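A short write-up of the structure that comes next.
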Protein chains: 2
Amino acid sequence: MTSSTTSSTINGTTKTWQAIQAEVRKRINARLWKPGALIPHEADLALEFGCARATVNRALRGLAEEGLLTRQRRAGTRVALNPVRHARFEIPVIRSEIEGRGQSFGFAILKRETLVPPPDVRARLKTGAKVALLHLETLYTADGAPHVFEDRWINLAAVPSIDEETFVTISPNEWLVREVPFDGGDFTFSALAATSKQAALLACELGQGLLVLDRSTHNAQAVVTSVRLIFHAGYRMHTQI
Amino acid sequence: MTSSTTSSTINGTTKTWQAIQAEVRKRINARLWKPGALIPHEADLALEFGCARATVNRALRGLAEEGLLTRQRRAGTRVALNPVRHARFEIPVIRSEIEGRGQSFGFAILKRETLVPPPDVRARLKTGAKVALLHLETLYTADGAPHVFEDRWINLAAVPSIDEETFVTISPNEWLVREVPFDGGDFTFSALAATSKQAALLACELGQGLLVLDRSTHNAQAVVTSVRLIFHAGYRMHTQI
DNA sequence: ATTGCTATTATGTCTATACATATTAGCGAG
DNA sequence: CTCGCTAATATGTATAGACATAATAGCAAT
């Protein structure tokens, strides 16, 4: 029958943009297209794959975002010389992370005060020498065991409503994620050897290596909060690419 | 003067997908569209912004990839309940990282041997109990100072040509990135306190906290290599979102 | 040789239309 | 009330055609 409703209008195989991506990936891996080399331009590939240029564009754009290709107008598309790989870490809400492992989540506010912070914190939050900030120290636990110690400074000007929050039922971590929209931030991983205070808090030996994550988040107006998370000994932050 | 602009949106000149993204972001941040809420569907937005549905699709797809929106066929698009944020770390070639800071790069192969690895390495590389692997220990330096100690195991079956490489002019790190295509891998950050050996290698105090990055990379066939990088004391790995 | 214009070219984006596909809502039979 | 079918619907993808934009190459004038 001359039914025009059949799906595969294209001879041979239906070439979705994902199929094209896979094919391009294969050619790069097989060194058919070598690092640094120019690959055929979109129109040619569209012709070869029997699809529209927009479909090729969709495929190549994705690979460029991954860092596998570099593209430039007029100059064309080439295989990346140094395939800069990106590791994407999910930064979850602490409660979700713990409960996701089937453990019980808990937290305790160890300190809550409003004062002018030390210079390094002032620098991170870009606040003046006389501006008081909210300072919170919280210990998060998993199945009762110390999980992470959080040392947080909050810009009250950016989050005024936080004054009314007691943090009895919701942790500072979760409250901020839920209530404060933000545009960006920065993350820094580092390591330190446990001081006696940290060893006591996190129930580890004095001098053990601890993973540290410093994070500050900002919106369009100001730096909202800056936090240092010191994880329990042996904690590993994992991701796949 | 007169409050002339009652403009519902940016009209006229540019209604690019990026402008639409920005507008949607603004509405989410302004809580006009609250977390969990359904937003108008693509056709409606296209009508409102005066553009084609494909353009709206492009904008919303990007926001969904970021994790700010969740989209489902037939069900529509809603603002993500807990915006899982992603930190994207670039994993550069060590030489590029050092030279990018204007420092001089160097490396020294401390050990090169071929032997059956211990069980934990066997597990990571998924090799048999009798398969010998190439083991390399390398110290990378920046301006002559220790930068990172690399302890690497390489699956010879996956990278046979490595036997001929002397690593005199090119480091193992760079050689592998350049010569061995891979599909994926996983990363784990952790911390340890410097042992006396590590302290000597990295020129730091005994017991200092050191940042550790374990990485293994695989292609379609096998796990190609597994590496542990132990960074010098005080090293900070930074990224922005 | 250097500068400056212009034509060329490959990617970037937008449009209008069409069909595919997943998921839900509704309805009828058991 | 539940199961199973069908219709409705929002996103996902593909298409041809068009124009925009950046970067290059070539050529001309200084």
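These values consider heavy atoms only, across backbone and side chains, with no hydrogens, waters or symmetry-generated copies. So that the names make sense, note that chain A is the first sequence line, chain B the second, and so on, each numbered from 1. Only a predicted model underlies this, so the values are computations on that prediction, with no experimental measurement involved.
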Picking from C/dT23, C/dT9, C/dC14, the nucleotide nearest the side-chain atoms of B/Gln72 would be C/dT23

Next on the checklist: Please determine whether a side-chain nitrogen of the Lys or Arg among B/Glu65 and A/Arg61 lies less than 4.0 Å from a carboxylate oxygen of the Asp or Glu.
Outcome noted: no

When rounded to whole Å, the CG to C1' distance for the pair A/Leu47 and C/dA10 reads 16 Å

Smallest heavy-atom separation, A/Cys51 atom then A/Val56 atom, equals SG-CG2, 3.7 Å

Between CG of B/Leu69 and P of D/dA10 the distance, given in whole Å, is 17 Å

> Is the gap between the ring centers of B/Phe89 and A/Phe189 under 6.0 Å?
Replying inline: yes

With heavy-atom distances below 4.5 Å as the criterion, would you say the side chains of A/Ser190 and B/Tyr235 are in contact? no

Nucleotide by nucleotide, nucleotides 16-21 of chain D touches protein heavy atoms under 4.0 Å in the pattern (B base, S sugar-phosphate only, - none) S-B--B

C/dT11 phosphate, OP1 or OP2, under 4.0 Å from A/Thr77 side-chain N/O: yes

- Item | Donor-acceptor pair under 3.5 Å, A/Arg71 side chain vs C/dA10 base | no

### Message
It should be established whether A/Gln18 places a side-chain nitrogen or oxygen under 4.0 Å from OP1 or OP2 of nucleotide D/dT13.
### Response
yes

Of the candidates D/dA22, C/dT13, C/dT11, the side chain of B/Thr16 sits closest to C/dT13

B/Arg228 and B/Asp151: CA distance, side-chain angles, deciding distance, salt bridge (charged side-chain N to carboxylate O under 4.0 Å, His left out) verdict:
CA-CA 5 Å; B/Arg228 162 165 283 202; B/Asp151 186 336; over 6 Å; no

Is any side-chain N or O of A/Thr55 closer than 4.0 Å to OP1 or OP2 of D/dT15?
-> yes

Out of D/dT11, C/dT13, C/dT9, minimum distance to the side chain of B/Arg58 belongs to C/dT13

note: B/His41, atom NE2; D/dG12, atom C1'; distance rounded to Å ~ 15 Å

field: Pair B/Phe107-B/His147, ring-ring contact (aromatic ring centres under 6.0 Å, His included): steps then yes or no
entry: CA-CA 9 Å; B/Phe107 70 93; B/His147 177 69; over 10 Å; no

Between its two end axes (five pairs each) the helix from C/dA1-D/dT30 to C/dG30-D/dC1 turns, nearest 10 degrees, through 10°

To the nearest angstrom, the CG-C1' distance between A/Leu63 and C/dT11 comes to 15 Å

Between CZ of A/Arg74 and C1' of D/dA25 the distance, given in whole Å, is 6 Å

Whether A/Arg25 and A/Glu66 form a salt bridge (side-chain N of Lys/Arg under 4.0 Å from carboxylate O of Asp/Glu) is what I want to check. yes

Taken to the nearest whole Å, CG/A/Leu60 to C1'/C/dT13 is 15 Å

Q) Is it true that the side chains of A/Ser216 and A/Arg124 contain a donor and an acceptor less than 3.5 Å apart? A) no

Separation of D/dA23 atom P from A/Arg78 atom CZ, nearest Å, is 14 Å

Would you say A/Glu42 and A/Leu60 make side-chain contact, with heavy atoms under 4.5 Å? yes

Heavy-atom closest pair (A/Arg31 atom, B/Val180 atom, distance to 0.1 Å) is NH2-N, 3.9 Å

Between CZ of B/Arg61 and P of D/dA10 the distance, given in whole Å, is 20 Å

Check this one for me: any side-chain N or O of A/Asn57 less than 4.0 Å away from OP1 or OP2 of C/dG12?
yes

